[in-house]
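The structure presented is a predicted model; accordingly, all values stated were derived computationally and were not measured.
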Amino acid sequence: RKEVEQDPGPFNVPEGATVAFNCTYSNSASQSFFWYRQDCRKEPKLLMSVYSSGNEDGRFTAQLNRASQYISLLIRDSKLSDSATYLCVVFDSNYQLIWGAGTKLIIKP
Amino acid sequence: DAMVIQNPRYQVTQFGKPVTLSCSQTLNHNVMYWYQQKSSQAPKLLFHYYDKDFNNEADTPDNFQSRRPNTSFCFLDIRSPGLGDAAMYLCATSGVQYNEQFFGPGTRLTVL
């Protein structure tokens with residue numbers, strides 16, 4: 001089992017819809033969690049950190065489920081500009097940063 | 001604006017010819033990271049510096065070396081590039097280890 005797993009997609013979603021995807025991690029003692037967004041041939045950009053209590057930033061909501069060992073990202077009222085690859089990153093108890101391979105999201109008009 | 005800068009943005013080198021990629025930051029962050037990213041793959045951490053302390057990932061080939069002469073600058077040296085080293089090389093910084101990272105635009109390396 002990979003340490004951090006994401007569904008590669010692509011998720012094809014109509015504009016205005018709500019979309020959610022998960023990222024599972026194998027190390028139950030993992031400490032910090034992040035979502036990054038990466039556009040084609042560009043650098044990753046931090047979207048949001050994921051806190052134990054969950055956090056929201058506009059149309060984006062991140063949740064952490066420690067019992068089931070996954071983090072989630074929910075995007076409401078999706079825009080064409082949300083099309084990108086979404087990468088999760090986990091900082092585990094072995095002091096390692098583990099990146100998921102990303103989930104590709106395509107928003108269609 | 002505080003930022004992470006990488007030069008050059010595109011680098012073409014010949015098989016076996018050493019190349020140096022550069023990264024600078026105005027964020028005054030303690031930690032600087034070098035990643036290799038190939039198409040449709042996750043970024044692969046090569047090494048990072050926490051201040052002057054160098055941390056090499058176990059599977060980073062010896063062909064890759066790094067220098068951090070001061071807080072602002074960090075260099076990636078590829079001593080003998082092979083065809084398999086063609087990739088995007090990303091530099092990132094964070095204020096503390098393993099926290100939110102800020103990336104430069106990357107250097108796309110082509111090996112002929």
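- When heavy atoms are compared at a cutoff of 4.5 Å, B:N99 approaches chain A by way of both its backbone and its side chain.
- Of the two parts of A:Q38, only the side chain, counted from C-beta on, holds a non-hydrogen atom closer than 4.5 Å to a non-hydrogen atom of chain B.
- When only modelled atom types and interatomic distance are considered, B:D77 and B:T20 share a side-chain donor-acceptor pair under 3.5 Å.
- With B:Y10 as the aromatic partner, B:R108 does not meet the cation-pi criteria of under 6.0 angstrom to the ring centre and within 45 degrees of the ring axis.
- With chain A as partner, the option from B:Q37, B:M88, B:E57 having the largest number of non-hydrogen pairs under 4.5 angstrom is B:Q37.
- A donor and an acceptor atom, one from each side chain of B:N63 and B:D85, are located under 3.5 Å apart.
- Heavy-atom pairs under 4.5 Å with chain A were tallied for B:Q41, B:E100, B:K44; the largest tally goes to B:E100.
- Cysteines B:C74 and B:C91 have SG atoms no closer than 2.5 angstrom.
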